[in-house]
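A quick write-up on the structure given underneath.
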Amino acid sequence: MAQKPSIPKGTRDFSPIEMTRRNYIFDTVKSVFKLYGFEQIETPAMENLSTLTGKYGEEGDKLLFKILNSGDFLAKANELDLSARNSQKTTFQISEKGLRYDLTVPFARFVVQYQSEINFPFRRYQIQPVWRADRPQKGRYREFYQCDVDIIGSDSLLNEYELIQIVDKIFSKLGIGVTIKINNRKLLAGIAETIGEADRIIDITVAIDKLDKIGLEKVNEELLQKGVSMVAIEKLQPILLLSGSNDEKLNKIEKVIQASETGKKGVEEIRTIFGYLKSGLVSTSVELDLTLARGLNYYTGAIFEVKANDVQIGSITGGGRYDDLTGIFGLPDISGVGISFGADRIYDVMEQLNLFPNDQTISTKVLFVNFGKAEESYCLPLLEKLRESGIPSEIFPSDDKMKKQMNYANKKGVKYVVLAGESEISEGVVTVKNMVSGDQIKLKANLLTEYIQKG
RNA sequence: GUGGAUGUAGCUCAGUCGGUUAGAGUAGUGGUUUGUGGUACCAUUGGUCGGGGGUUCGAAUCCCCUCUUCCACCCCA
């Protein structure tokens, strides 16, 4: 076999069936976004590397796809770094662009760049692919689509509540049972402060994030290994073991961290959000999960994660509040909050649960069988009439064997096949075959459109 | 990035103590049915066994390298 063509690791092609299903997801997501007053933007696939680096933590930087400079890029590289095989230094000498890693950072850049034209608070949505040089697995791709909604330029917690509403609405429309997990970075900071390890907050949150995965003992081991003191770990235990309803957890945690101003603020924020939820307009269950940490460094307040109830896959939606993302680009004190729906994982979940509607795949509704040149010219005006009435239809391009043409129609899921040969033409009629029932009838050619519309 | 598994016709997979022209189902093509699909029957196309190198008289089968996909870790949508 000649070498088969292929595509890069972790990327995918999408067939027509997959595209109609993907569009079904995009369309429902989009319709809800619009319903809540969000406006769409797009940004380029590539950003300046300086825009991207340093925003996602050390790990994130490693996962950035970098684009080689054009021209004789090696000529401009530093000879010493080059001969020392110093990849880290050389990288930035031969590459100044990278593929976007998410939609939030490019959005922050966008906001800063067009700050004078934007009408704040700005509600934008953005549906585009992002790229990560991760090692692929099920539900993890190197190119995947995110559907982001963010509200920037407002620190009102009503925005957090609205995002929860959007999550609720979208997943109920798609038919996926989900649980929304919520936590707050201030609360996590308060915990770190309380146990006397304020500057280790990242290590601590990353470790406790694994609680339900690796268990309490392993988490403690990891904390110790990261240099968190025994005393601090002791103090942390009751927090890790918190249980009960959301309110109960909040009350308990409040007592533990009352010495920390930041922590108290976090509790208050969560209370406010749960207060909104008491109105009962959201039917998805929302859980306070103190072990929810999320890696992205820029979150400062609420953090969200959405898990599918019936399928084991990573989170299908995630997000949070960032108080100073635009600060890095020179516009400080603009708070925003947003979430990102992972279209590809949502697809995988829906496929496993068989949630895609069946009638989504119809493309052509009517196919004219081609019997030859004379018959073609009889059919063409009829075909055009159907199309003018908005009925997707086509004529087979050559007078191949009937069997072949019927087969084509059958495979494509065409509902009606129109037969117009010599005898039909002489009578001014057309034979219409219903491919589902197998029945066929003759009718006047000028009644065809009407007949199809009724069917 | 670390560790483990996988790769045979378009698709799903048989085929190991290494031995002559590598099999099945399905799809494709042609026919039974000169204007009728989805069912049936018959015939037929298609593979240098992921790629490269090595061991051997001889390799899909053993060894090394590389790539793909999958699983765990890391991290995440």
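Chain letters run A, B, ... following the sequence lines, proteins first and then strands; every chain starts at 1.
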Report the nucleotide, chosen from [options], that has the shortest atom-to-atom distance to any side-chain atom of [X].
X: Arg135(A); options: rA77(B), rG3(B), rU36(B); answer: rG3(B)
X: Lys403(A); options: rU32(B), rG3(B), rC74(B); answer: rU32(B)
X: Lys9(A); options: rA77(B), rG38(B), rU69(B); answer: rU69(B)
X: Gln137(A); options: rG35(B), rC73(B), rG3(B); answer: rC73(B)

Open item on the list: Please list, in numerical order, the residues of residues 430-438 of chain A that have a heavy atom closer than 4.0 Å to any atom of RNA chain B.
Closed with: Lys433(A), Met435(A), Val436(A), Gly438(A)
Answer yes or no: does a side-chain N or O of [X] lie under 4.0 Å from OP1 or OP2 of [N]?
X: Gln405(A); N: rG37(B); result: no
X: Lys62(A); N: rG1(B); result: no
X: Lys401(A); N: rG31(B); result: yes

Task: Partner residues of Arg135(A) under the side chain to side chain contact (heavy atoms under 4.5 Å, CB included) criterion, sequence neighbours left out - done: none
- [ ] Specify whether Phe122(A) and Phe107(A) have parallel, tilted or perpendicular ring planes, treating 30° as the upper limit for parallel and 60° as the lower limit for perpendicular.
- [x] tilted
Open item on the list: Can you list everything that forms a side-chain hydrogen bond (donor to acceptor under 3.5 Å, both in side chains) with Glu18(A)? Sequence neighbours excluded, please.
Closed with: Ser15(A)
Open item on the list: Please tell me whether Tyr145(A) and Phe341(A) form a close aromatic pair, meaning their ring centres lie under 6.0 Å apart.
Closed with: no
Separation between the [atom1] atoms of [N] and [M], rounded to whole Å:
N: rU55(B); M: rA72(B); atom1: C1'; value: 34 Å
N: rG18(B); M: rG58(B); atom1: P; value: 16 Å
N: rG37(B); M: rU29(B); atom1: P; value: 14 Å

Open item on the list: Please identify which of these residues, Leu292(A), Ile273(A), Asp289(A), meets the side chain to side chain contact (heavy atoms under 4.5 Å, CB included) condition with Ile182(A).
Closed with: Ile273(A)
Task: ring-ring contact (aromatic ring centres under 6.0 Å, His included) partners for Tyr125(A), two or more places apart - done: Phe33(A)
Rounded distance in Å - [atom1] ([X]) to [atom2] ([N]):
X: Asp61(A); N: rG1(B); atom1: CG; atom2: P; answer: 16 Å
X: Leu367(A); N: rG35(B); atom1: CG; atom2: C1'; answer: 14 Å
X: Gln128(A); N: rA77(B); atom1: CD; atom2: C1'; answer: 15 Å
X: Lys411(A); N: rU36(B); atom1: NZ; atom2: P; answer: 18 Å

Open item on the list: Please determine whether the number of non-hydrogen atoms from other residues, nucleotides or ligands lying under 6.0 Å from atom CD of Gln453(A) exceeds 12.
Closed with: yes
TODO: Mark yes or no for a side-chain to base donor-acceptor pair under 3.5 Å between Glu424(A) and rG35(B), with no hydrogen or angle criteria applied.
DONE: yes
TODO: State whether the aromatic ring of Phe341(A) stacks on the base of rA77(B), taking stacking to mean ring centres under 5.5 Å apart and ring planes under 30° to each other.
DONE: no
Task: Option from Asn159(A), Asp323(A), Asp324(A) for which side chain to side chain donor-acceptor pair (under 3.5 Å) with Ser335(A) holds - done: Asp323(A)
Under 4.0 Å, heavy atoms only, any strand: does [X] hit a base, just the sugar-phosphate, or nothing?
X: Tyr408(A); answer: nothing
X: Gly10(A); answer: sugar-phosphate
X: Ser423(A); answer: base

Task: Where at least one partner belongs to residues 389-445 of chain A, residue pairs that pass ring pair (Phe, Tyr, Trp, His ring centres under 6.0 Å), sequence neighbours excluded - done: Phe396(A)-Tyr408(A)
Task: Pairing pattern in dot-bracket form [Watson-Crick, G-U; both distances under 3.5 Å; | = partner strand] for RNA chain B - done: (((((.(..((((.....[...)))).(((((.......))))).....(((((..]....)))))).)))))....
